[in-house]
Amino acid sequence: MTTDRVDSADSGRPLTSGQRAALDLVLNLMLPPSADGRMPGAAEVGVPAYLFAEAPDALPLLRQELEELDRHSRERFAREFAETEEYEAKSLIEEMRAREPSFMSRLSMETLACYYQHDRVLEGLGLEARPPYPKGYQVVQGDLSLLEPVRARGKIYRDAP
Amino acid sequence: MTTDVDVLIIGAGASGAALAWSLAETRMRILCLEQGDWMNPADYPSTRRDWEVRMDREFSPNPNIRRRPEDYPINDDDSPISVVNFNGVGGSTILYAAHFPRPHPSDFRVRSLDGVADDWPMDYATLEPFYALNDRQMGVAGLAGDPACPPHQPPLPPVPLGLAGETMARGFNALGWHWWPSDIAIATRDYEGRAACVNLGPCKAGCAQGAKSSTDITYWPIARRAGVQLRTRCRVREILVDDKDMATGVVYYDERGVEHRQRAEVVVLACNGVGTPRLLLNSRSARFPDGLANRSGLVGRNLMIHPWGMVRGAFDAPLDSYRGPLSCCILSQQFYETDRSRGFVRGYNMQITRGLGPVATARMGVARGDIPWGEGHHEAFARRYGRSMGIGICCEDLPEECNRVTLDPTLTDSNGIPAPKITYRLSENTERMLRHGLERGTEVMKAAGAWDVYAEGPVRQTGWHLLGTARMGDDPERSVVNGWGRSHDVRNLFIVDGSVFVTSGGVNPTPTIQAVALYVADAMKQRLANLFD
């Protein structure tokens with residue numbers, strides 16, 4: 001079986017090509033590209049590299065979950081998960097999450113972190129792909145005349161002996 | 001070899017910094033030992049693209065998650081609320097939201113007015129000059145004239161309401177409830193050498209701009225220029241006493257784990273409401289077998305932590321709610337004072353927090369099932385991101401001896417010093433108060449126009465306000481320190497952090513912690529000739 005090392009910062013075993021293919025399928029089911037093309041799918045933003053670099057402790061569980069998907073897929077569809085049709089893969093994941101709600105939830109949280117920090121995603125949201133510092137943001141001051149009724153009602157704290 | 005000092009302060013956070021600055025004018029030899037280090041603002045998360053993730057890791061407020069070398073673990077298994085803090089020069093002001101509301105006069109007269117708990121040995125009027133002094137030294141923004149609070153003039157203009165604050169203000173007005181731009185310790189214009197706030201957003205991960213008033217950039221630079229020594233990465237193991245019940249100094253470990261002894265004429269504890277009782281309980285001796293200064297048996301007891309509720313609402317209109325100081329733009333004290341018809345005594349503060357960043361919005365939405373996987377994800381995300389905000393419900397909890405800090409029998413820090421264990425539960429009064437707050441928060445969120453609202457509490461990672469574990473009082477049997485912070489049992493030992501609170505009020509305590517520290521420092525200066533009498 002060929003392997004596909006996804007990141008030089010890998011602190012664990014690399015994912016196999018089969019696991020990579022299964023992961024890509026899961027990622028695109030989790031976060032598909034938007035219909036208008038503005039938002040990429042999760043499989044396009046480098047989630048595996050992110051996992052190896054930023055969340056290597058999530059990998060053992062991920063491998064185990066991908067193996068579970070493969071096992072159930074072989075039982076149900078007589079082929080590996082990565083080779084299933086999209087609707088088959090979707091129904092399988094939904095069933096497994098219905099049985100065990102935490103199934104792939106760690107992957108989900110890490111994927112969201114990777115996805116919503118990616119330049120293409122931020123630009124798709126109409127945001128500047130930059131850290132908050134040093135530029136910061138403009139915030140409208142707001143209308144302090146809204147305080148008039150509060151002032152008009154007067155003091156509401158108690159005096160104390 | 002260490003040189004003797006006149007005053008040894010343990011802890012360089014909110015209270016230790018204020019006291020050090022105030023005492024500096026005496027020209028005494030003052031040394032502060034701090035277990036953490038100086039922070040480099042260039043390292044704060046907001047300087048990097050991955051700021052949201054870093055806030056949850058190395059800048060997590062929970063020391064059990066953060067696990068920096070200078071952190072000590074805290075066993076919080078027996079509490080629905082985790083203790084959160086920061087260890088470094090500036091202490092928890094590095095990560096605090098800088099929300100700076102003042103308490104009410106009634107907060108110091110809880111027994112007299114409401115028949116519960118105890119009155120403080122001093123009143124609001126006595127502390128008022130120290131609040132004002134602290135506001136100037138820290139740099140506090142706000143708007144004078146709040147009818148829910150005694151008159152005072154914050155030195156800086158308020159933080160912007162933003163679209164989020166303005167929207168909530170209209171909701172409060174629709175119900176005829178109080179609201180006001182909150183006092184907040186942020187430089188809203190250039191102030192004392194610090195640059196003005198540029199609305200970075202993640203104040204609770206350290207302020208790279210230096211606009212948020214953490215004590216490493218407010219009190220400490222002035223105190224050090226005035227001669228106060230600050231030694232970092234020094235973790236105190238125990239306070240030593242002689243056979244006359246006087247503190248003689250401390251034993252501490254430096255960064256390399258080497259043990260040192262530091263002698264001092266006066267020892268001041270400023271380690272917060274968990275760190276201070278931990279150190280006292282770790283300072284056992286033949287004369288103090290139950291922990292130093294603990295002849296009352298109250299060291300570690302009466303822990304108050306401000307159970308926190310959170311109401312979140314999503315709106316149709318864009319609120320730009322991820323922009324601007326995160327913590328609070330407006331507050332409401334409509335339900336702050338006691339009204340027994342509500343089914344509880346005392347009250348709570350409602351504070352409007354802005355929205356979340358994209359990662360937190362997505363994670364929370366998916367975890368709650370509001371934002372689905374797959375088809376519909378992008379649309380659901382767009383309906384919430386930048387269009388959501390929160391209301392924090394800060395509940396006053398009353399002192400109860402069963403809520404306490406003890407020493408864990410097995411857990412230790414990296415120097416082998418026993419770690420604290422928290423035992424805490426919400427009283428029935430607090431449960432009712434929290435429920436009321438969540439209901440009222442939901443009501444005002446809807447009045448402001450939210451199309452989706454959810455409420456939860458107590459929220460676990462919110463134990464910032466660590467109070468009451470070495471309480472003040474005139475009676476040595478019912479308190480640990482006297483009305484000006486001196487231990488009843490050890491006459492050259494002082495405590496100035498949140499441990500000394502008699503009751504907790506319902507507002508963020510840092511202004512009061514610092515006002516009390518300045519008050520104690522003032523009392524010490526006035527009594528220098530007979531400080532130990």
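Per chain, numbering begins at 1; letters A, B, ... match sequence-line order.
Only the side chain of A:Pro149 comes within contact range of chain B, judged by heavy atoms closer than 4.5 Å. With a 4.5 angstrom heavy-atom cutoff, B:Pro150 touches chain A via backbone and side-chain atoms both. Using a 4.5 Å cut-off between heavy atoms, A:Ala129 touches chain B through backbone and side chain atoms alike. Of the atoms belonging to B:Tyr385, it is side-chain heavy atoms, and not backbone ones, that fall under 4.5 Å from chain A. For a residue to count as touching a neighbouring chain, one of its non-hydrogen atoms must lie under 4.5 Å from one of that chain's; by this rule B:Thr47 touches chain A with backbone and side chain alike. Both the backbone and the side chain of B:Thr338 have a heavy atom closer than 4.5 Å to some heavy atom of chain A. Only the backbone of A:Leu29 comes within less than 4.5 Å of a heavy atom of chain B; no side-chain atom from C-beta onward does. Heavy atoms of A:Glu148 lying under 4.5 Å from chain B are absent altogether. The parts of A:Glu110 that come within reach of chain B are both its backbone and its side chain, each placing non-hydrogen atoms under 4.5 angstrom from that chain. Heavy atoms of B:Phe172 lying under 4.5 Å from chain A are absent altogether.
Counting heavy-atom pairs under 4.5 Å between each of B:Gly145, B:Gly357, B:Gly176 and chain A puts B:Gly176 at the top. Counting heavy-atom pairs closer than 4.5 Å to chain B, the top-ranked of the candidates A:Arg130, A:Met39, A:Lys90, A:Arg153 is A:Arg153. Comparing B:Ile330, B:Asp320, B:Asp119, B:Asp50 by heavy-atom pairs within less than 4.5 Å of chain A, the highest count is held by B:Asp50. For the set B:Leu143, B:Asp123, B:Asn173, the entry with the most heavy-atom pairs within less than 4.5 Å of chain A is B:Asn173. Comparing B:Ala125, B:Gly165, B:Pro358 by heavy-atom pairs within less than 4.5 Å of chain A, the highest count is held by B:Pro358. Most heavy-atom pairs under 4.5 Å with chain B: of the set A:Asn28, A:Thr111, A:Leu127, this distinction falls to A:Leu127. When each of B:Pro181, B:Cys149, B:Ala169 is checked for heavy-atom pairs under 4.5 Å with chain A, B:Cys149 comes out on top.
Counting heavy atoms of neighbouring residues, nucleotides and ligands inside a 6.0 Å radius, atom CD of A:Gln138 does not exceed 12 of them. Around atom CZ of B:Arg67, no more than 12 heavy atoms belonging to other residues, nucleotides or ligands sit under 6.0 Å away. Shown here is A:Glu95, whose CD atom has more than 12 heavy atoms of other residues, nucleotides or ligands within 6.0 Å.
From A:Asp119, atom CG reaches atom CZ of B:Arg49 across 4.5 Å, with rounding to the nearest 0.5 Å. Atom CD of B:Gln209 and atom OH of A:Tyr133 lie 5.5 Å apart (nearest 0.5 Å).
Across every non-hydrogen atom of B:Val198 and A:Pro134, the tightest pair is CG2-O, 4.1 Å. In terms of heavy atoms, B:Asn199 sits closest to A:Tyr137 at ND2-O, 3.0 Å. Minimum interatomic distance between B:Arg48 and A:Pro132 (heavy atoms only, all atoms of both residues): O-CD, 4.3 Å. Among all heavy-atom pairs drawn from B:Ala362 and A:Leu112, the shortest one is O-CD1, 3.8 Å.
Remark: the backbone N or O of A:Met109 is paired with a side-chain donor or acceptor of B:Arg363 at under 3.5 angstrom. Judged by distance alone, the side chain of B:Glu166 and the main-chain N or O of A:Asp143 form a donor-acceptor pair under 3.5 Å. Of the possible donor and acceptor atoms, one in the side chain of B:Arg109 sits under 3.5 Å from a partner among the backbone N and O of A:Pro161.
Looking only at side-chain heavy atoms (C-beta outward), B:Pro160 and A:Val140 stay at 4.5 Å or farther from each other. Taking the side chain as every heavy atom from C-beta outward, B:Asp107 and A:Tyr157 never approach each other to under 4.5 Å. For the pair A:Leu146/B:Arg170, a side-chain contact is recorded, criterion being any heavy-atom separation below 4.5 Å from C-beta on. Two residues are said to be in side-chain contact when any heavy atoms from C-beta on lie closer than 4.5 Å; A:Leu147 and B:Trp179 meet this criterion.
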- Message: One pair to check against side-chain contact (heavy atoms from CB on, under 4.5 Å): B:Leu161 and A:Val139. What are the steps and the verdict?
- Response: CA-CA 8 Å; B:Leu161 298 181; A:Val139 178; over 6 Å; no
- Query: Which is it for B:Val53 and A:Gln117 under the side-chain contact (heavy atoms from CB on, under 4.5 Å) test, yes or no, and what are the steps along the way?
  - Reply: CA-CA 9 Å; B:Val53 172; A:Gln117 295 178 85; 3.1 Å; yes
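Applying the side-chain contact (heavy atoms from CB on, under 4.5 Å) test to B:His178 and every residue at least two apart in sequence or in another chain returns A:Val150, A:Ile156, B:Asp146, B:Pro147, B:Ala148, B:Trp180, B:Leu331, B:Ser332, B:Gln333, B:Gln334.
Residues of residues 370-382 of chain B lying under 4.5 angstrom from chain A, judged on non-hydrogen atoms, are B:Trp373, B:Gly374, B:Glu375, B:His377, B:His378, B:Phe381 by number.
Salt-bridge annotation for B:Asp114 and A:Arg158: present, with a side-chain N of the basic residue lying under 4.0 Å from a carboxylate O of the acidic one.
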